[in-house]
Amino acid sequence: MACSIVQFCHFQDLQAARDFLFPHLRADTPSCAMRRDPSKSTNWDDDGWGAWEETEPQELEEEGNTYKTQKTSWLQDCVLSLSPTNDLMVIAREQKAVFLVPKWKHSDKGKEEMQFAVSWSGFLNVEEGECVTSALCIPLASQKRSSTGRPDWTCIVVGFTSGYVRFYTESGVLLLAQLLNEDPVLQLKCRTYEIPRHPGVTEQNEELSILYPAAIVTIDGFSLFQSLRACRNQVAKAAASGSENVQPPPLAYKKWGLQDIDAIIDHASIGIMTLSPFDQMKTASNIGGFNAAIKNSPPAMSQYITVGSSPFTGFFYALEGSTQPLLSHVALAVASKLTSALFSAASGWLGWRGKHEEETVQKQKPKLEPATPLAVRFGLPDSRRHGESICLSPCSTLAAVTDDFGRVILLDVARGIAIRMWKGYRDAQTGWTQVVEDLQERAPERGDPSRFGGAQGPGRVAQFLVIYAPRRGILEVWGAQQGPRVAAFNVGKHCRLLYPGYKIMGLNNVASQSWQPQTYQICLVDPASGSVKTVAVPFHLALSDKKSERAKDMHLVKKLAALLKAKPPAPDLVETEIKELILDIKYPATKKQALESVLACDRLPFSCLRNITQTLLDTLKNQELESVDEGLLQFCANKLKLLHLYESVSQLNALDFHSDTPFSDNDLALLLRLDGKELLKLQALLEKYKQENTRAAVRFSDDKDGVLPVKTFLEYLECEKDAVSMKKASEEEHVALGSFFFWKCLHGGSSTEDMCHTLGSAGLSPQLLLSLLLSVWLSKEKDILDKPQCVRGLHTTLSVLSRMKVAIDDAWDSQSVSPWWQQMRTACVQAENNGAALLAALVGHCVAVQTSGTAAERKAALGADAEALSDSWEALSLDTEYWKLLLKQLEDCVVLQTLLHSRPRARPPRVPPPQAEPGPRLSAKRLLEGGRGGIADSVAKWIFKQNLSPDVLTLASTEGDAETADEAGGGQFPCSLEPDVLHAHCCWEYVVQWNRDPEEARFLVRSIEHLKHILNAHVQNGLALMMWNTFVVKRFSAAAYLMDKVGKAPKDRLCRRDVGLSDGALTSFLGSCLGLLQTLMEADVSRDEMQAPVLDTEDAWQAVEGPVSIVELALDQKRTHYPLVEHHSVLCSVLYAVMRFSLRTVKPLSLFDSKGKNAFFKDLTSIQLLPSGEMDPDFISLRQQFLLKVVSAAVHAQHSVAKDRESEDAPSTASGKDQDWPVLAVDLAHHLQVSEDVVRRHYVGELYTHGADHLAEEAILQVHDKEVLASQLLVLAGQRLAHALLHTQSKEGMELLARLSPTLCTWLKAMDPQDLQNTEVPIAMTAKLVNKVLELLPENHGQFNLALRLTEAVEAISLPSL
């Protein structure tokens, strides 16, 4: 084992945290590289940007480079802390912070891995201008009996420039805040409980130390633990009750004022130490002279080490008992007088208060206790050197200090001297890792247990110093104190090395021994790869080469690895060298590792592998029994057994064994127990299946079936005792191993008897061999279908396997199903290659009948009675029924899969086929688990893919076209593919595809077509209701509200924003909605005249299970409320008309009163309060205006000359042809309480206006009030005549106008021909119109004489033309 970097966690989205902490890094290019007006800038702070307009290009380039550097090294500018239990990470900068927690999630490769995800982000500052300077994540131990010693929750401790230290929960809730000094907090460090390794080692107390520029504050760990737990409980209770009155518990701390030192950057709290008598006398002499007196017992002192300048490293010693700790409860009386309940005299507690209370507390800062002076005892005086950081080792004996000269100095904490220095590590980050020796691996051989001492002795501990040099992007591991560099890794230049130096707070001697949590001593955060890694260092790297047999073994392993990678000069020489290396290795585990690497090498020949393994096994057997590792001996024996098996199988496959017996169709029929017709049917079925289903596969020249490298062979199989089993492997690996064993047997290239005997003798179970045989058979379908003689090979192999001893148990109960054959049936049911599965089932059935008959004859020969014989026949009949059922299912699967991979001979023109996702390959198991609608659903997806028209399906079912029916699968599945069932699934498939891509309006149109082809009204009604509720009503309501809001047909942008459809797709959608609602109403009326269908299933598929089919769901739907559906249909018609003709100044919902509006978009099965009785005349007037607009627009769209020219660009309608809008308008008039005759008269007038006189004459027959119509038509005739006489300006017209009566002339001049849409109307048609008016007007009508004179004038105009 070598030192390694192990990745144990990933960041889910580290860039999101970076963008939150550094908003200016979100852009791809530095914003500072572009000149901008500072008055318009909204993303930059005002600080430091006063001279923006004076920036020179060179400065801009430098700022751009700084931006790029900051974008990659942003993590170096953050305050970073990771909990040692890896359950929380904090990244903070200035006032912002991000909390991340690990979660198990699937990676891009599909594997589950731990990922850090953001759980909270926000601002931590309470006072204006304060920034985060340091942070710690401290896990607190649980107090529950069931989880003693385990972490309960994690507290986040944050230090600020204002001097405050605040404590938060994982969710960012402020528990308490403490002000101990007004200077900025420089560093936070924590020490937790550790079990002393030796009896003489002083037991250290837990504490939290806070460093200020001239002071150190230490908070007692026990007091802090109790206070945090109490505050968390009180905050939870206050949040539950809504109260803000939280009483903080007392807190004990000490405050030392550090003297005789210029600047302090970092510190380390060593803990309580006791001097030896000699050191005690030396210290007393240095302080008090030679006359100084000493106490009998050495005093206990707390030691602190600081780094900074003058001195470079300072050592402080605080005598225990010299000063009493400051208790927050001493000043608790003062706190009770303040308005905030979270304020104590010692520190000032903040949290859970209103804004006014916060302002009061901030203005009234607490009284600060004076610090106890503490002078520096001694230090390392170096005036030019400035310390940057100090990192204490886990056992508090060594400390690593970094300085501004790029040095890393190793300090002896007890003696106060520097013992080692590393050069060239500028901006270095340091950490420690402590490794405990595994006592079980001490002795390299069991025969010499005393080499490192007794096996019961204490485990040794090794410390390694980890140095990260960001300038060089290298991570190094060094042995302490004077050890060599044991590892170096290239990790990048922008990482952060995290070394907490503590574990779980709140543990004691008992709790620490109960449960050992998994903690990470040191971590490396890599922002480039978004990963968190830890350094794994084996213990043996701390040992010198002279004392470490393991180090020597590892050297041999590395030499062996290099030898295996190199190109071998000669196999014999390489084999000899490998043997020597493996035999020189001492440790059994390392020797096993070396043998594994040799067996995994694909460059060595098989003979070399066998000889090496044999040599090692012989060597182990020749050693004394006590000194031999049993595990290694067994491992070698197992591998050698597998190598012999590989050699035997390879030799059998290499033999030239070919059966000369020809194989005809008659032989195949006899083998499968089929008659001539059945064989021809099977061959035709498989031939069509092969044509439609098989696709050309890519084959490489080196792909050889039945060949398996020895390395792969050893990876697949494992040997335990006398049995050989296969490891958990994928289907491809099963196929590869099965091909190696049986591919030549299936083709008659090797002896099946010998192969099965060899495999059985090696210890492979018949069940495993059967599984491998079926895997290769079912996977290589194309080769099998091309070579019918493979069926004979399968029959022979299966017969031999069935005769093996433990294949079919002789004690098997004859009344139950054979597990052997059930295994084969299960494999066939799960197979996706149904052609190969069908052949396998036929062969299995024949072999099962043959084997059962042989067993029955054997029993009869042994004198079994008639009852035993009858039992065997019952068992045979039971197994036979299962085989028949399986054969029928597989035959159906072959037919269905042939259909799903086929293409129709003719495709409907004009419409391109839709792009559908390729469906999964079928298997009998998938159909059995797909529910009753699984078969119809598969065919519906195929119909969608092929874009078959519903009429084709109807034609196939009604006319009895056998070939078409076979294509649709109806002959094989009369129940599952019943026409209504198939139409229902096609309808649902199309609407689902439309919902995925709503712009494909033709999908919804085709769905409505399939819905209309359903004959049973119960199914039709339920399916239409499901479509409405699931896919339609949400978009429909959005369209209605949008159109009512804008008061016209909305533009494309608004349609896409509110409805998710383009304007053209929305028009088609509303037309489809109208068709859906009309179908729903028709089905609601028709369902009373017919019964609900009885859903049945084919006999072979009675055991089907799974989801409920679409038809069953449709039949379970409630009955709709017809008036409510009709009410929605009226609204849909209005919306469709507005979009179809782009009408303006129309608010669709304003056409309905409050009752009508409230009833919209409710459940169609509910009974709503609908409008009834007489409607307000204002509503009727609005409705009438709307309907007349619709009629005018419809006639204009049909008969306008300009519209005819642009007919190709007209929007598509719901069903490919436009609605009969005049008829629809009359129908709407009936529902909207508008006079239908008014609409009809307006329609007649519009037709005459557009010159469609022949259509108008037919429409006149529908009008009831002919007299009013005649008056309207008289005006139209006058407009036409006025245009002919007054606007053409012809000489004949002027003469005729002069001959007319003054009354008629005045009337004609009052006419406005501009209202006519078509002025190019022959005068003969106008004469016919005037005659029609004269015919409709009664003689006593006031305008009869005018019509009579108009008739004379028209005749006078038409005479010259005649």
Side-chain angles (χ1 to χ4, degrees), residues 6-22 74-75 78-93 95-108 111-124 132 134-142 144 147 149-159 166-176 188 190 192 225 228-229 231-233 235-236 239 351 495-506 515 517-527 529-534:
V6 181
Q7 176 179 308
F8 65 90
C9 202
H10 244 96
F11 287 100
Q12 184 176 346
D13 190 1
L14 187 60
Q15 186 175 357
R18 187 202 70 181
D19 293 344
F20 175 72
L21 298 174
F22 297 84
W74 64 273
L75 205 60
C78 296
V79 176
L80 197 63
S81 178
L82 176 65
S83 169
T85 55
N86 190 38
D87 54 4
L88 184 69
M89 179 183 287
V90 173
I91 307 177
R93 176 180 176 267
Q95 295 91 5
K96 301 177 182 178
V98 177
F99 296 175
L100 302 101
V101 296
K103 297 180 180 179
W104 284 103
K105 292 193 176 181
H106 287 280
S107 64
D108 298 337
K111 298 182 179 179
E112 280 198 350
E113 65 178 10
M114 191 81 78
Q115 294 185 3
F116 273 114
V118 176
S119 64
W120 182 88
S121 60
F123 291 82
L124 295 179
V132 177
S134 183
L136 286 181
C137 299
I138 305 178
L140 302 184
S142 174
K144 300 177 182 178
S147 57
R150 306 189 182 206
D152 185 16
W153 63 287
T154 302
C155 178
I156 299 98
V157 188
V158 183
R166 297 188 176 91
F167 300 81
Y168 299 88
T169 64
E170 304 101 322
S171 56
V173 176
L174 177 62
L175 290 178
L176 53 93
L188 296 173
C190 179
T192 54
F225 178 74
L228 291 176
R229 288 186 63 245
C231 284
R232 184 168 179 257
N233 294 336
V235 165
C495 303
R496 282 289 297 272
L497 188 67
L498 301 181
Y499 172 66
Y502 58 90
K503 293 184 180 178
I504 301 176
M505 178 174 283
W515 185 73
Q518 182 182 9
T519 56
Y520 295 94
Q521 300 183 50
I522 193 165
C523 296
L524 184 75
V525 180
D526 186 359
S529 62
S531 60
V532 183
K533 308 171 184 176
T534 187

When rounded to the nearest 0.5 angstrom, what is the spacing between CG in Leu124 and NZ in Lys96? 11.5 Å
Least distance between heavy atoms, Trp74 atom then Cys78 atom: O-SG, 3.5 Å
4.5 Å side-chain heavy-atom contact, Thr192 and Ile504: no
Distance in Å, Leu88 CG paired with Leu100 CG, rounded so as to fall on 0.5 Å steps: 8.0 Å
Heavy-atom distance under 4.5 Å between the side chains of Val235 and Leu174, does that happen here? no
Measure the shortest side-chain to side-chain distance between Phe116 and Asn86 over non-hydrogen atoms and say whether it is less than 4.5 angstrom. yes
Could you report the tightest heavy-atom contact between Ile91 and Leu80, atom names first, then the distance? CG1-CD1, 3.1 Å
Please report the closest heavy-atom contact between Lys503 and Pro84, naming both atoms and the distance. O-CG, 3.5 Å
Less than 4.5 Å apart, any side-chain heavy atom of Cys155 and any of Phe225? no
Can you give me the closest heavy-atom contact between Val79 and Ala135, atom names plus distance? CG1-N, 3.6 Å
Parallel under 30°, tilted from 30 to 60°, perpendicular over 60°: which one fits the rings of Trp120 and Phe99? tilted
Exam field: side chain Ser134 to backbone Gly159, donor-acceptor pair closer than 3.5 Å: no
Donor-acceptor under 3.5 Å (Ser81 side chain, Cys137 main chain): yes
With the side chain counted from C-beta on, respond yes when Lys103 and Gln115 share a heavy-atom pair under 4.5 Å apart, and no when they do not. no
Side chain proximity check, Arg232 to Asp152, heavy atoms < 4.5 angstrom: yes
Could you tell me whether the side chain of Leu14 reaches within less than 4.5 Å of the side chain of Leu75, counting heavy atoms only? no
Val118 vs Phe20 side-chain heavy atoms within contact, under 4.5 Å: no
Point-to-point distance, once rounded to the nearest 0.5 Å, from CG of Leu136 to CD1 of Ile156: 10.5 Å
For the CG atom of Leu82 and the CG atom of Asp87, what is their distance to the nearest 0.5 Å? 8.5 Å
Determine the minimum heavy-atom distance between Ser119 and Glu170, stating which atoms define it. OG-O, 4.1 Å
Heavy-atom nearest pair, Ser529 first then Asp526, reads OG-OD2, 3.1 Å
Inter-residue atom distance Thr534.OG1 - Phe8.CZ, 0.5 Å rounding: 6.0 Å
Value for CG (Leu140) from OG1 (Thr154), rounded to nearest 0.5 Å, stands at 7.0 Å
